Amino acid sequence: MTDALNIEGGLLSADMSCLTETEPDSGGNQPNGFVELGLAQELVRAVADLGYIKPTPVQQRAIPLALPMDDTEHHGYNDLMVSSQTGSGKTAAFLLPVLNTLLAQLAQAASKERAEYDKACAQALEKGEAPPKRSKRKDPTNPRNFKAAVPGALVLCPTRELAQQVAHDAIELVKHCRGLRIANVVGGMPYQVQIAKLQNANLVVATPGRLLDLQRSMQIKLDKVQFLVIDEADRMLDLGFSDDLAEINQLTSQRQQTMMFSATFAPRIQQLAMRVMHDNGSGVHKIQIDSPHQKHSNIQQVLFWADNAQHKRQLLDHWLRDASIGQAIVFASTQIECDGLASDLQQDGFSAVALHGALSQGLRNRRLMALRNGQVQILVATDVAARGIDVPSITHVFNFGLPMKAEDYTHRIGRTGRAGRDGLAVTFAEFRDRRKIFDIEAYTKQPFKAEEIPGLEPKQRFPSAGSGRPGLAGRNSRGGNREGFSRDRKPEVKSRKDGFDPVRGFGDRHADRSEARKDNRFDSRFDSRFDSRSDSRTTRGPKQIGAHDRRKPAGTGKSSGTAHGNAGARSFVSRDPSQRRTARSTR
């Protein structure tokens, strides 16, 4: 069934690194762990063809619970919420049980159809009639035979790259299964191609936006979905996808099972996830193999402090010239920084390309294809590549720009060290970024190991008194000064002359208002430099107000320009009472 779906551009990797590879012994007597999980022989054979016979811990625990159970309350299926580190095999942990159930349902339907046909043949034989002909399979590409797709399973992914990766893995697993079709629906691709691939699809891997577009145009129906899987659930439940996910939740309300997989599950995300489960998550099974607080034993993490962006660029250039680097991903904070850094690396002789959300999907596919084929050594990307990029040859991850959220750091470094391989994650940070560094340390509960390169040491230094961590000397966790604070007394606070108290703000608003407003130098309302209108309109006076009267012929009474001019002048009159009286006299 490899021909069931040809992923656009051959984008996805042929290496199923989501499973744990184990070399069989010389005698070939090592048992296959996937057989013991109760999976179909077709799936076990496909996994064995990929060279994997031992499930990972997350697969060992999640697959038995995801398979149908006769003694459970929720229609024979369990709702799951699974948390495990990146590269631990979560993709196969939800694909294998879903595909196994779909395969069993197809076999049952085929057996029922065969029994009905045999019964019809027996009845025709008794009547002395010719046996009925089997119905021919209709060509799904013919418009006359078009029917809206009614998949039995749906996998939602937050990014296009992740959806394509999951679809590729599913195709690899069903290559020995007869009649099981996989479809991939992502944005940025032609509609007609995806509509044709949706025909007779049993499992659909999609991003929410394109899926809802096809559903609203009646190209796909979701009322027959039995299994809903949300991959990278922490991102899907975030504000960017909350509306789409709520609509899909309503469209698939008849489903029998809901599964959520992610490397990180914040407490707020867990509360949102419960609303998607059956009975508000009362019977959900939570599986946590490891947490982001547990250190990636196979990924070494180091930190280098830099004085400025140019210093960071020098540190990155030093690292990229290391001969031990196979392939690397350099993460940038913004799309502009991503394009600029990729261009600079190309000029310096590196084989580098940029990847971010502003590029067309075809170009993103071609660049990822080049990375997987070894034609590109360095991928400069935004957080769009922090999930779904599964290239075993990536040995280094560089955080040139720090992530906006601390949990994204875990997904970034997870692009290396896949499936038990060794990896190195290098972070470059300026001293002004120390707040983000502290947030990452607080989230992962792992202090960074700061290192220096001889000849490229940072020139900025903090006082050595206080904490020994870089950038913490004499400062609290928020970056403020700890001087004057003690456990027994409050810090001494001095009030300003304008009546502002650093702790209480303006104490007596009515008493100090006039004093506080005497100095208007820092108020944009009283500075012409902050006025969006032209300089000629900021000058107050009769001549300037009368200048707007030229917009209407003379003798037409009060013009709209005069009223507008007066309103404009009035808005720039100071609030001091004496000045307000002077302004009235000039009008």
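Everything quoted here is computed from the prediction, not taken from an experiment. Quick note: numbers below take in every heavy atom, side chains included, and nothing from hydrogens, waters or symmetry partners.
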Quick one: does any side-chain atom of [X] pair with a main-chain N or O of [Y] as donor and acceptor, under 3.5 Å?
X      : Y      : answer
Gln257 : Ala66  : yes
Tyr117 : Lys112 : no
Gln254 : Val225 : yes
Arg210 : Met189 : yes
Asn202 : Arg181 : yes
Asp79  : Thr258 : yes
Thr101 : Pro97  : yes
Glu232 : Phe261 : no
Thr382 : Ala332 : no
Asn100 : Leu39  : no

Please find the pair of heavy atoms, one from [X] and one from [Y], that lie closest to each other, and give the distance.
X      : Y      : result
Leu198 : Ala149 : O-CB, 3.1 Å
Asp339 : Ala354 : OD1-CB, 3.6 Å
Gly423 : Thr416 : CA-OG1, 3.3 Å
Val98  : Ala153 : CG1-CB, 3.6 Å
Val353 : Ala342 : C-CB, 4.1 Å
Ala124 : Pro131 : CB-CA, 4.3 Å

Exercise for the section: Start with the C-alpha distance between Gln215 and Lys221, add both sets of side-chain angles, then the distance that settles side-chain contact (heavy atoms from CB on, under 4.5 Å), and finish with yes or no. Expected result: CA-CA 6 Å; Gln215 189 274 333; Lys221 295 182 180 179; over 6 Å; no
Hey, are the side chains of [X] and [Y] touching, using non-hydrogen atoms and a 4.5 Å cut-off?
X      : Y      : answer
Met260 : Met277 : yes
Asn78  : Met259 : no
Leu103 : Glu42  : yes
Leu355 : Cys338 : no
Phe331 : Ile329 : yes
Ile378 : Ser351 : no
Val284 : Leu80  : no
Val376 : Arg367 : no

Inter-residue atom distance [X].[atom1] - [Y].[atom2], 0.5 Å rounding:
X      : Y      : atom1 : atom2 : result
His176 : Asp49  : NE2   : CG    : 4.0 Å
Leu156 : Leu162 : CG    : CG    : 11.0 Å
Leu99  : Cys177 : CG    : SG    : 7.0 Å
Ile440 : Gln301 : CD1   : CD    : 9.5 Å
Ile289 : Ser83  : CD1   : OG    : 9.0 Å
Ile63  : Glu36  : CD1   : CD    : 12.0 Å

Exercise for the section: For the pair Thr207 and Thr159, evaluate side-chain contact (heavy atoms from CB on, under 4.5 Å) and give the outcome as yes or no after the intermediate values. Expected result: CA-CA 7 Å; Thr207 52; Thr159 63; 5.9 Å; no
Problem - Counterpart residues, side chain to side chain contact (heavy atoms under 4.5 Å, CB included), relative to Ser333 (two or more places apart) - result: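 Per chain and number, Ser333 pairs via side chain to side chain contact (heavy atoms under 4.5 Å, CB included) with Glu337.
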Handout entry: Partner set under side chain to side chain contact (heavy atoms under 4.5 Å, CB included) for Asp118, not counting sequence neighbours
Key =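 Applying side chain to side chain contact (heavy atoms under 4.5 Å, CB included) to Asp118 gives Arg114.
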With no hydrogens and no angle check, just 3.5 Å: does a side-chain donor-acceptor pair link [X] and [Y]?
X      : Y      : result
Gln361 : Asn365 : yes
Asp383 : His356 : no
Thr252 : Arg255 : yes
Ser262 : Asp234 : yes
Gln327 : Ser393 : yes

Exercise for the section: Go through the structure and list residues passing salt bridge (Lys or Arg N to Asp or Glu O under 4.0 Å) with Asp231, not counting sequence neighbours. Expected result: none
Exercise for the section: Would you please test Gln219 and Tyr191 for side-chain contact (heavy atoms from CB on, under 4.5 Å) and show each step? Expected result: CA-CA 10 Å; Gln219 306 297 331; Tyr191 279 89; over 6 Å; no
Practice task
Go through Leu424 and Val397 one step at a time and tell me if the side-chain contact (heavy atoms from CB on, under 4.5 Å) criterion holds.
Solution key: CA-CA 6 Å; Leu424 180 62; Val397 167; over 6 Å; no
Exercise for the section: Using the ring pair (Phe, Tyr, Trp, His ring centres under 6.0 Å) rule, take Tyr77 and Phe227 through it: C-alpha gap first, then chi angles, then the decisive distance, then the call. Expected result: CA-CA 10 Å; Tyr77 296 92; Phe227 313 103; 5.2 Å; yes
Exercise for the section: Taking only Lys NZ, Arg NE, NH1 and NH2, and the carboxylate oxygens of Asp or Glu, determine whether Glu247 and Arg216 approach each other closer than 4.0 Å. Expected result: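 Answer for the salt bridge query: yes.
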Exercise for the section: Kindly determine whether Gln105 and Gln226 satisfy side chain to side chain donor-acceptor pair (under 3.5 Å), including the steps that lead there. Expected result: CA-CA 11 Å; Gln105 292 178 352; Gln226 306 175 56; 2.9 Å; yes
Practice task
Would you verify whether the NZ or CZ of Arg45 falls within 45 degrees of the ring axis of Phe34 while also being under 6.0 Å from that six-membered ring's centre?
Solution key: no
Problem - Greater than 12 external heavy atoms within 6.0 Å of Glu113's CD - result: no
Problem - Residue Ile336 excluded, over 12 heavy atoms near CD1 under 6.0 Å - result: no
